[in-house]
Structure formats: structure tokens, C-alpha cells
Amino acid sequence: NGQATLNIQDQKISGKAFCNNFFGSGVFNGNAVKFKGVGRTLMACESLNEAENMFLTDLEAVNASSVQGNKLILRKDNQILMVFTRSTEK
């Protein structure tokens, strides 16, 4: 059972897309955001392929973000695509 993560540092993104690690860049301007150049490692995880492909497609479709408490909400237009909760781990 995989879990997706997202790390943002400066203009770089990285994380885990259920099975594979991913990486790319982000352009941030207020609440506007665009992730681009997203690539991933190529581990074989047949049971998670569909979910992982959808996750990465949605990540590249994001064009807006907001923070509510410890949650990062990523949207395309007014549709919420994904929500991440800030980890307390360092």
C-alpha cells in the first residue's frame, strides 16, 4: 500500500508517487503554482501504476494552491486535485 508525498524546497519538488520517487520544478506566484519537468524513477509496481500515473498527471495539471492550517491544497481552477498534510518529521 503506497502513500504519495510532496516536498517543496526553493523551486524544486520531489517526493514519492506511491511507488516511484519523482522530481521536478515548481513556479510559485502567490497562490498560482505550476509544476513542470516532472520525472520519476522506474521501479516496477504493477498494482500501483494506474494510481501513480493519475497522481503525476494531476500534479502537472495543478495551477493554484492554498494553505489551510497544516494542509496544502492543490487545485486546477476551482477543483481540488490533492491535499497534503505537513509532516512533523524532519
Side-chain angles (χ1 to χ4, degrees):
N1 220 7
Q3 180 177 357
T5 64
L6 174 64
N7 304 304
I8 302 172
Q9 187 167 0
D10 301 320
Q11 301 293 310
K12 304 282 185 205
I13 63 167
S14 63
K16 187 161 185 153
F18 302 109
C19 174
N20 287 286
N21 294 321
F22 70 90
F23 49 88
S25 62
V27 177
F28 307 93
N29 183 9
N31 287 339
V33 61
K34 179 66 182 158
F35 300 119
K36 57 186 182 177
V38 177
R40 64 176 154 173
T41 57
L42 298 174
M43 293 184 282
C45 308
E46 286 187 29
S47 64
L48 297 172
N49 276 348
E50 188 175 335
E52 188 165 284
N53 288 338
M54 186 179 300
F55 170 79
L56 293 171
T57 297
D58 284 351
L59 191 63
E60 288 189 308
V62 167
N63 62 14
S65 67
S66 62
V67 175
Q68 293 180 358
N70 66 342
K71 299 197 180 303
L72 172 64
I73 301 165
L74 299 178
R75 296 180 171 81
K76 178 178 182 190
D77 303 322
N78 290 324
Q79 179 183 0
I80 294 174
L81 297 181
M82 51 189 80
V83 178
F84 291 93
T85 302
R86 180 183 292 259
S87 172
T88 56
E89 297 175 20
K90 293 283 180 185

>> To check you understand the geometry: which heavy-atom pair defines the closest contact between Leu48 and Cys19, and what is its length?
In response: CD1-CB, 3.9 Å
> Roughly how far, to the nearest 0.5 Å, is CD1 of Ile13 from CZ of Phe22?
Replying inline: 5.5 Å
> Hey, what else clusters with Ile73 if you join Ile, Leu, Val, Met, Phe, Trp, Tyr whenever side-chain heavy atoms sit under 4.5 Å?
Replying inline: Ile80, Val83
> Just wondering, are more than 12 heavy atoms of other shown residues or ligands nearer than 6.0 Å to CG in Asn70?
Replying inline: yes
>> Rounded at 0.5 Å granularity, tell me how far CZ in Arg40 sits from CZ in Phe18.
In response: 11.5 Å
> Out of curiosity, does Val67 fall in the hydrophobic cluster containing Leu59 (side-chain heavy atoms, cut-off under 4.5 Å, transitive links)?
Replying inline: yes
> Rounded to the nearest 0.5 Å, how far apart are OG of Ser14 and CD1 of Ile8?
Replying inline: 9.5 Å
>> When you measure from the side chain of Thr41 to the backbone of Asn21, do you find a donor-acceptor pair of N or O atoms at a distance under 3.5 Å?
In response: yes
> Which atoms form the tightest heavy-atom contact between Ser65 and Leu72, and what is the distance?
Replying inline: CB-CD1, 4.2 Å
> At their closest point, which heavy atom of Lys34 faces which heavy atom of Glu60, and how far apart are they?
Replying inline: NZ-O, 2.6 Å
> Can you name the closest pair of heavy atoms from Thr5 and Phe55 and give their distance?
Replying inline: O-CZ, 4.4 Å
> Are any of the side-chain heavy atoms of Leu56 and Asn20 separated by less than 4.5 Å?
Replying inline: no
>> Working to the nearest 0.5 angstrom, can you tell me the gap between Ser25 OG and Phe35 CZ?
In response: 9.5 Å
>> Taking salt bridge (Lys or Arg N to Asp or Glu O under 4.0 Å) as the definition, give me every residue that meets it alongside Arg75, ordered by chain and number, with sequence neighbours left out.
In response: none
>> Check for me, please, whether Met82 and Val33 land in the same ILVMFWY cluster - side-chain distances under 4.5 Å, paths through other members count.
In response: yes
>> Is any side-chain heavy atom of Asp58 closer than 4.5 Å to one of Leu74?
In response: no
>> Enumerate the disulfide bond (SG atoms under 2.5 Å apart) contacts for residues 46-87, please, sequence neighbours excluded, ordered by first and then second residue.
In response: none
>> Under 3.5 Å, is there a donor on one side chain and an acceptor on the other for Lys71 and Thr85?
In response: yes
>> Counting neighbours of CD on Gln11 that are heavy atoms of other residues, nucleotides or ligands and sit closer than 6.0 Å, is the number greater than 12?
In response: yes
> If you take all heavy atoms of Asp10 and Phe28, which pair is closest and at what distance?
Replying inline: O-CE1, 3.9 Å
